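Structure first, then comments.
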There are 2 protein chains.
Amino acid sequence: MAPADDQAIEARALDAAEELFYARGLQAVGMDAIRGASGISLKRLYQLFPSKEALIEAYLRRRDERWRAALERYVDDRPAGRERLLAVFDWLGRWFAEPGFRGCAFVNSYGELGATSPGVAAAARAHKDAFRRHLAALVAEADAPAALADHVLLLAEGAITTAALTGGAEPARQAREAVELLLSRSSS
Amino acid sequence: MAPADDQAIEARALDAAEELFYARGLQAVGMDAIRGASGISLKRLYQLFPSKEALIEAYLRRRDERWRAALERYVDDRPAGRERLLAVFDWLGRWFAEPGFRGCAFVNSYGELGATSPGVAAAARAHKDAFRRHLAALVAEADAPAALADHVLLLAEGAITTAALTGGAEPARQAREAVELLLSRSSS
DNA sequence: CACCCCGGAGAACGACCGTTCTCCGCGCGG
DNA sequence: CCGCGCGGAGAACGGTCGTTCTCCGGGGTG
């Protein structure tokens, strides 16, 4: 068995885990459901991930990497400066409009298991930290005051949860609007 | 047995449910734990609430009423106008600093069971709707443009989840700062 | 061809949970 | 004083879940 097989199978397992965990929640999805969706036997699943907790943490880790990479790819297509910072909210708006959007996987996971599972809590904190650092870099690039990074983070975070609850994409537009106002204020 | 007894027992049940559900999550708390914390027998619990779902919904309903009443009491002590709108974030800051603060009960519940339980999803939406209406009224009182209500909602929402993840109260101060900037911008 | 090992399918196991049932004691109406 | 019904404690039941085990077939090796 080539290691390439292992990697491909692991990827399929994580694909199934991500789809199910994100759509239905962590505790609502049993290992059997992941086996059914991935076609990977329970035995093999437990060889790749020693426990459901480990699978959950691997799911969160990979989702963090992919989510941030997708955001970065999107905003890096814009010219550096205010445009690039504002593009964050265009990307959020596209995300909100995707079918099956159900809010931030890390916030959802933290609400469900953060109190019980230190691994889940740490993953959520790491994700938000990395997001915040990215925003701070964009704010610096836009020559805006550093405090704006916190404001932008709160607006993005609020837009994500509000979009999850209302099911629409307008929070992205509203948050972008607020950032534009804050930017014009800080440069006056 | 006087109905007053029933109400007192129901209140004790909801007290226990609120403490446990909020601290540990909905699915992590069994009916047995609520019986242990409240001292109310399972039989009586099921007489008051026909199912765990019903207890969860009653918990959310009561928490919504109390949360919004506490906020309203706090901000109504300030003079009408911008001060009153900004007081929302002072109140949030006090809430964040309370021991056991773990974010918005409705966002957490929605992340955990919103996909499975329509009742939980509806309760979360109703709570955010009512909060938004309250903010809109405060924005109108402050003679600020109506669009500011959405911006303030996003900042408050973002502050709540960010405070939950980082464990500090600064997001309230940062959000207040952003609202001040937006207010000064809109009146210039 | 015989052997062996790996992986798949699914049963099995132990724990837990929501809900109901049994049994018992206690207080009130005759 | 005698029943009788309500409430409490906890066992019981049915289902689910995480995890492990059993059994079996198939493919590579001598």
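None of these values were measured; they are calculated from a predicted model. Just so we're on the same page: letters track the sequence lines, and every chain starts at 1.
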Under the side chain to side chain contact (heavy atoms under 4.5 Å, CB included) test, residues paired with B:Lys128 that sit two or more places apart: A:Leu165, B:Cys104, B:Val107, B:Glu157
Within the sub-3.5 Å range, which N or O atoms of nucleotides 24-28 of chain C have a protein N or O partner, and how far apart are they?
none

Using a strict heavy-atom distance below 4.0 Å, which residues from residues 20-28 of chain B are in contact with DNA chain D? none
Across all chains, not counting sequence neighbours, the ring-ring contact (aromatic ring centres under 6.0 Å, His included) partners of B:Tyr46 are none
Can you list, by residue number, the residues of residues 46-59 of chain B that have a non-hydrogen atom closer than 4.0 angstrom to DNA chain C? B:Tyr46, B:Ser51, B:Lys52
Test salt bridge (Lys or Arg N to Asp or Glu O under 4.0 Å) applied to B:Glu141 - qualifying residues, sequence neighbours left out: B:Arg84
So which protein N/O to nucleotides 10-13 of chain C N/O distances come out below 3.5 Å?
unit_1, atom_1, unit_2, atom_2, d
C:dG10, N7, A:Arg35, NH1, 3.2

Side-chain donor-acceptor pairs of residues 19-32 of chain B under 3.5 Å, sequence neighbours excluded:
unit_1, atom_1, unit_2, atom_2, d
B:Tyr22, OH, B:Arg102, N, 2.5
B:Tyr22, OH, B:Gly103, N, 3.1
B:Tyr22, OH, B:Gly103, O, 2.7
B:Gln27, NE2, A:Glu112, OE2, 3.4
B:Gln27, NE2, B:Glu112, OE2, 3.4

Would you call B:Leu71 and B:Leu92 a side-chain contact if the rule is heavy atoms closer than 4.5 Å? no
Identify the pairs formed between an N or O of the protein and an N or O of nucleotides 24-27 of chain D at a distance under 3.5 Å, and give each distance.
none

Identify every side-chain donor-acceptor pair in residues 72-79 of chain A under 3.5 Å, counting partners at least two apart or on other chains, and give the distances.
unit_1, atom_1, unit_2, atom_2, d
A:Tyr74, OH, A:Arg78, NH2, 2.8
A:Tyr74, OH, A:Arg94, NE, 3.3

How close or far is atom P of D:dT20 from atom CG of A:Leu45, stated in whole angstroms? 13 Å
Do the side chains of B:Tyr110 and A:Ile160 join up, straight or via other hydrophobic residues, at under 4.5 Å, putting them in one cluster? no
Can you tell me how far C1' of C:dT19 sits from CZ of B:Arg44, to the nearest Å? 18 Å
side-chain contact (heavy atoms from CB on, under 4.5 Å) assessment of A:Phe106 paired with B:Thr161: CA-CA 11 Å; A:Phe106 299 87; B:Thr161 57; over 6 Å; no
Are B:Phe49 and B:Glu57 packed together at the side-chain level, in the sense that at least one heavy-atom pair is separated by less than 4.5 angstrom? no
Applying side-chain contact (heavy atoms from CB on, under 4.5 Å), run through B:Thr166 and A:Arg125 and close with a yes or a no. CA-CA 7 Å; B:Thr166 65; A:Arg125 271 191 277 269; over 6 Å; no
My understanding is that only residues two or more places apart in sequence, or in another chain, count here; which of them pass salt bridge (Lys or Arg N to Asp or Glu O under 4.0 Å) with B:Arg61? none
What pairs with A:Arg176 under salt bridge (Lys or Arg N to Asp or Glu O under 4.0 Å), at least two apart in sequence or on another chain? A:Asp90, A:Glu180
Hey, are A:His151 and B:Gln174 close enough side-chain-wise for a donor-acceptor pair under 3.5 Å? no
Is B:Arg63 close to B:Leu60 at the side-chain level, that is, under 4.5 Å between some pair of heavy atoms? no
Just do the ring pair (Phe, Tyr, Trp, His ring centres under 6.0 Å) check on A:Trp67 and A:Phe131 with the steps written out, would you? CA-CA 10 Å; A:Trp67 189 90; A:Phe131 182 40; 5.2 Å; yes
